[in-house]
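Structure, as structure tokens:
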Amino acid sequence: MTTVLACARLGIMVADSSVSDDDRVWAGRKVWRVRGALIGMAGTDSERLAFLAWYRGGMLSPVKLGESSALILSRKGLFVIDANYVEPQRVESGREAIGTGAKAAMCAYEALDFTDPRRAVRIVCKHDAGSRGPVRRYAL
């Protein structure tokens with residue numbers, strides 16, 4: 001239950017702040033700065049911890065995410081990894097979103113002519129039950 005949107009051209013990642021355990025909801029973190037990159041995560045806390053440890057450790061072996069997904073934004077570009085991949089895949093368009101609000105975020109971002117990812121995620125927070133503000137912006 002998340003919305004994380006990244007744009008390589010702008011060098012930014014934007015995320016909502018809703019964290020839940022299916023029983024309670026609170027504001028939490030969705031994006032981390034690791035080894036010069038921004039890592040955005042959607043999914044379970046245990047998979048997030050394992051993924052961040054894998055990335056911090058130099059990505060020496062393939063990683064398998066269950067129901068989680070991640071965006072990696074670095075000077076090399078934008079990459080996505082989820083249950084379908086064992087290594088990060090380059091996003092050729094340089095724009096991608098993950099989480100329950102991913103499709104809505106990409107639609108809103110396109111409707112805004114790919115100029116305001118923060119506003120796109122704010123729009124999603126009005127319509128996706130799993131995404132709530134405040135919306136945070138992170139720059140490379």
Side-chain angles (χ1 to χ4, degrees):
M1 303 183 114
T2 291
T3 302
V4 180
L5 174 63
C7 179
R9 179 181 58 83
L10 298 175
I12 63 172
M13 191 173 286
V14 178
D16 78 299
S17 299
S18 179
V19 176
S20 87
D21 61 4
D22 292 330
D23 204 24
R24 300 170 293 152
V25 177
W26 61 93
R29 190 172 179 180
K30 308 270 178 99
V31 177
W32 293 263
R33 191 174 304 277
V34 181
R35 299 176 60 211
L38 294 173
I39 309 292
M41 295 286 304
T44 68
D45 198 43
S46 61
E47 289 178 347
R48 174 188 58 83
L49 292 171
F51 183 84
L52 290 171
W54 171 79
Y55 195 85
R56 285 183 181 114
M59 306 178 297
L60 300 177
S61 61
V63 67
K64 184 72 172 161
L65 290 176
E67 307 229 349
S68 297
S69 53
L71 291 175
I72 303 167
L73 179 61
S74 71
R75 300 277 180 222
K76 294 179 181 178
L78 179 61
F79 301 84
V80 65
I81 186 166
D82 61 21
N84 297 315
Y85 307 112
V86 293
E87 58 185 58
Q89 303 295 305
R90 177 179 287 280
V91 178
E92 295 303 326
S93 70
R95 300 179 293 263
E96 187 60 84
I98 56 173
T100 58
K103 287 181 184 178
M106 291 303 294
C107 290
Y109 193 38
E110 182 174 355
L112 295 167
D113 291 323
F114 301 112
T115 59
D116 195 344
R118 188 176 205 172
R119 185 168 176 213
V121 174
R122 283 184 177 147
I123 291 168
V124 172
C125 288
K126 293 178 183 179
H127 303 282
D128 178 59
S131 301
R132 292 184 176 85
V135 173
R136 295 189 173 110
R137 179 184 176 276
Y138 306 84
L140 277 179

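Positions are given from 1, in the same order as the sequence printed here. The model shown is predicted, which means the values in this text are computed figures rather than measured ones.
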Closest approach of [X] and [Y], non-hydrogen atoms and distance?
| X | Y | value |
| --- | --- | --- |
| M13 | L73 | CE-CB, 3.8 Å |
| G77 | R90 | CA-NH1, 3.8 Å |
| M106 | R95 | CE-O, 3.8 Å |
| T100 | G130 | OG1-CA, 4.1 Å |
| L65 | I81 | CD1-O, 3.7 Å |
| L112 | A120 | CD1-N, 3.7 Å |

Solution key, residues 1-11 side-chain donor-acceptor pairs under 3.5 Å, sequence neighbours excluded:
{"unit_1": "T2", "atom_1": "OG1", "unit_2": "K30", "atom_2": "NZ", "d": "3.0"}
{"unit_1": "T3", "atom_1": "OG1", "unit_2": "S131", "atom_2": "OG", "d": "2.6"}
{"unit_1": "R9", "atom_1": "NH2", "unit_2": "F114", "atom_2": "O", "d": "2.6"}

**Request:** Just grab all the ring pair (Phe, Tyr, Trp, His ring centres under 6.0 Å) pairs involving residues 120-140, residues at least two apart or on different chains.
**Result:**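 Listed by first then second residue: nothing to list.
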
**Members sharing V124's hydrophobic cluster (side chains within less than 4.5 Å)** =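 V124 shares its hydrophobic cluster with no other residue.
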
**Asked** What distance do L49 atom CG and F51 atom CZ have between them, rounded to the nearest 0.5 Å?
**Response**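 The distance works out to 12.5 Å.
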
**Interatomic distance, D82 atom CG to Q89 atom CD [nearest 0.5 angstrom]** =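 So the CG of D82 and the CD of Q89 are separated by 9.0 Å.
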
Taking only distance into account, with no hydrogens and no angle test, what donor-acceptor pairs under 3.5 Å do side-chain atoms of residues 32-43 form with protein atoms, sequence neighbours excluded?
{"unit_1": "R33", "atom_1": "NH1", "unit_2": "A139", "atom_2": "O", "d": "3.1"}
{"unit_1": "R33", "atom_1": "NH2", "unit_2": "A139", "atom_2": "O", "d": "2.9"}
{"unit_1": "R35", "atom_1": "NH1", "unit_2": "Y55", "atom_2": "O", "d": "2.8"}

**Asked** Who pairs with S46 by side-chain contact (heavy atoms from CB on, under 4.5 Å), at least two apart in sequence or on another chain?
**Response**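 For S46, the residues satisfying side-chain contact (heavy atoms from CB on, under 4.5 Å) (neighbours in sequence not counted) are T44.
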
**Prompt:** Can you pull the salt bridge (charged side-chain N to carboxylate O under 4.0 Å, His left out) pairs that have at least one residue in residues 44-63, sequence neighbours excluded?
**Reply:**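 The answer is D45-R48.
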
**Request:** Using the salt bridge (charged side-chain N to carboxylate O under 4.0 Å, His left out) rule, collect all pairs that involve residues 115-128, keeping only residues at least two apart or in two chains.
**Result:**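 Applying salt bridge (charged side-chain N to carboxylate O under 4.0 Å, His left out) to every pair that reaches into residues 115-128, excluding sequence neighbours, yields nothing.
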
**Prompt:** Hey, quick one: are L140 and V91 part of the same hydrophobic cluster, counting side-chain heavy atoms closer than 4.5 Å, chains of contacts allowed?
**Reply:**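 They do share one cluster, since a chain of ILVMFWY contacts under 4.5 Å joins L140 to V91.
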
**Asked** Linking I/L/V/M/F/W/Y whenever any side-chain heavy atoms sit under 4.5 Å apart, do V121 and V31 land together?
**Response**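 No; tracing contacts between hydrophobic side chains, which count when under 4.5 Å, never links both residues.
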
